[in-house]
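In what follows, a single structure is set out as structure tokens and then discussed.
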Amino acid sequence: MGDGRHTIHELIKLKNEVRKQNRNLKECLFPTDCDVFNRLIREGKSLDAIPSDKEVVILRDESNISHGGDSIDYTDAVHPDYHEIALRTIQSIPGLHYAGLDIIAKDITEAPTKDNYVVTQVEFSPGPISMYPWEGEAREMAAPILDYYETVYSF
């Protein structure tokens with residue numbers, strides 16, 4: 001997000017300084033090598049550009065947490081029909097009891113239709129880093145999974 005004063009490169013450095021203070025994100029910094037910023041390059045911008053105040057600058061097509069992407073918790077805002085989509089998706093894979101789903105949606109708060117979302121990945125072993133979002137409420141992931149297995153397998 002631009003501030004009208006700093007270059008994109010300076011904004012990356014500032015964001016990385018904040019991430020270094022977060023125990024869960026300190027190893028997941030934005031890269032500073034311009035070669036990885038395919039979106040920025042494609043749009044004809046450089047790291048020396050100064051984006052205007054509140055201007056959103058997209059650096060790369062890939063924006064996962066391990067490469068500097070921000071995890072934002074939308075759990076309470078997600079349209080409830082996505083819950084059913086998640087359940088059906090997981091249940092369609094034999095032997096899978098829980099998973100992390102990556103869904104790209106035009107607006108996750110609106111009801112899903114055949115044209116406004118796609119499930120892009122089913123992760124059989126989702127990483128717990130999503131428990132610690134950059135924005136939003138931290139969620140406990142491990143306990144419900146362990147509780148499930150304890151109930152199913154009667155440990």
Side-chain angles (χ1 to χ4, degrees), residues 1-6 8-33 36-40 43 45 51-93 95-152:
M1 178 80 66
D3 63 6
R5 298 186 322 259
H6 293 93
I8 294 171
H9 190 249
E10 291 168 334
L11 291 167
I12 290 170
K13 285 180 167 181
L14 290 169
K15 183 98 178 218
N16 279 343
E17 288 304 313
V18 175
R19 289 176 83 91
K20 286 178 187 176
Q21 304 308 309
N22 183 312
R23 70 182 176 113
N24 303 298
L25 298 174
K26 65 183 176 185
E27 301 298 325
C28 303
L29 303 178
F30 276 95
T32 54
D33 179 3
V36 300
F37 298 134
N38 52 1
R39 186 78 165 279
L40 186 72
E43 293 180 1
K45 295 179 183 172
S52 61
D53 190 35
K54 306 289 185 216
E55 178 184 349
V56 174
V57 178
I58 300 175
L59 302 172
R60 358 171 21 159
D61 293 325
E62 173 187 300
S63 61
N64 56 32
I65 295 169
S66 65
H67 290 99
D70 292 334
S71 172
I72 300 173
D73 181 81
Y74 281 95
T75 303
D76 296 330
V78 172
H79 192 280
D81 289 355
Y82 282 102
H83 183 258
E84 183 61 31
I85 289 168
L87 287 175
R88 281 195 331 258
T89 301
I90 292 168
Q91 291 168 350
S92 72
I93 301 172
L96 189 63
H97 300 287
Y98 76 97
L101 267 64
D102 288 352
I103 297 175
I104 297 175
K106 289 183 181 177
D107 184 342
I108 201 81
T109 66
E110 293 181 3
T113 69
K114 65 181 181 84
D115 298 320
N116 70 355
Y117 82 96
V118 62
V119 176
T120 60
Q121 181 177 357
V122 179
E123 178 62 51
F124 76 94
S125 181
I129 195 165
S130 59
M131 292 174 22
Y132 307 104
W134 181 261
E135 287 180 29
E137 182 181 337
R139 309 277 175 170
E140 174 63 58
M141 285 178 52
I145 293 168
L146 293 172
D147 290 346
Y148 169 80
Y149 280 108
E150 183 177 45
T151 303
V152 171

Check: Going from CG on Asn38 to CD on Glu43, what distance comes out if it is rounded to the nearest 0.5 angstrom?
Finding: 10.0 Å
Notebook entry, point to check: Relative to the ring of His97, is the ring of Tyr148 parallel (under 30°), tilted (30 to 60°) or perpendicular (over 60°)?
Noted result: tilted
Note to self: How long is the straight-line distance from CG of Leu25 back to CG of Asn16, given to the nearest 0.5 Å?
What the structure shows: 10.5 Å
Next item on the list: Applying salt bridge (charged side-chain N to carboxylate O under 4.0 Å, His left out), name anything that partners Asp3, two or more places apart in sequence or on another chain.
Entry: Arg5
Notebook entry, point to check: Are side-chain heavy atoms of Ile93 and Val122 found at a separation under 4.5 Å?
Noted result: yes
Check: Does atom OH of Tyr98 have more than 12 heavy-atom neighbours from other groups under 6.0 Å away?
Finding: yes
Margin query: Can you give me the closest heavy-atom contact between Ala111 and His79, atom names plus distance?
Written below: N-CD2, 3.3 Å
Check: Taking atom CG of Leu59 and atom CG of Leu11, what is their separation to the nearest 0.5 Å?
Finding: 9.5 Å
Next item on the list: Go through the structure and list residues passing salt bridge (charged side-chain N to carboxylate O under 4.0 Å, His left out) with Lys26, not counting sequence neighbours.
Entry: none
Notebook entry, point to check: Going from CD1 on Ile90 to CD1 on Ile85, what distance comes out if it is rounded to the nearest 0.5 angstrom?
Noted result: 12.0 Å
Note to self: Filter on side-chain hydrogen bond (donor to acceptor under 3.5 Å, both in side chains), then keep only pairs touching residues 101-114, sequence neighbours left out; what's left?
What the structure shows: Asp107-Thr109, Thr113-Asn116
Check: Any side-chain heavy atom of Leu14 within less than 4.5 Å of one from His6?
Finding: yes
Checklist line | Note, Asp76 side chain near Glu137 side chain (heavy atom, < 4.5 Å) | finding: yes
Next item on the list: Quick one: list whatever passes salt bridge (charged side-chain N to carboxylate O under 4.0 Å, His left out) with Glu55, sequence neighbours left out.
Entry: Lys45
Margin query: Applying salt bridge (charged side-chain N to carboxylate O under 4.0 Å, His left out), can you list everything that pairs with Glu17, at least two apart in sequence or on another chain?
Written below: Lys20
Notebook entry, point to check: Aromatic ring centroids of Tyr82 and Tyr117 under 6.0 Å?
Noted result: yes
Next item on the list: Mind checking side chain to side chain contact (heavy atoms under 4.5 Å, CB included) for Lys15 and listing every partner two or more places apart, or none if nothing turns up?
Entry: Arg19, Phe30, Asp70, Trp134
Check: Please walk me through it: do Glu123 and Leu101 pass side-chain contact (heavy atoms from CB on, under 4.5 Å)?
Finding: CA-CA 6 Å; Glu123 178 62 51; Leu101 267 64; over 6 Å; no
Next item on the list: Decide yes or no for Pro31 and Arg60: does some side-chain heavy atom of the first lie under 4.5 Å from some side-chain heavy atom of the second?
Entry: yes
Note to self: For a 4.5 angstrom cut-off between non-hydrogen side-chain atoms, does Ile58 reach Leu40?
What the structure shows: no
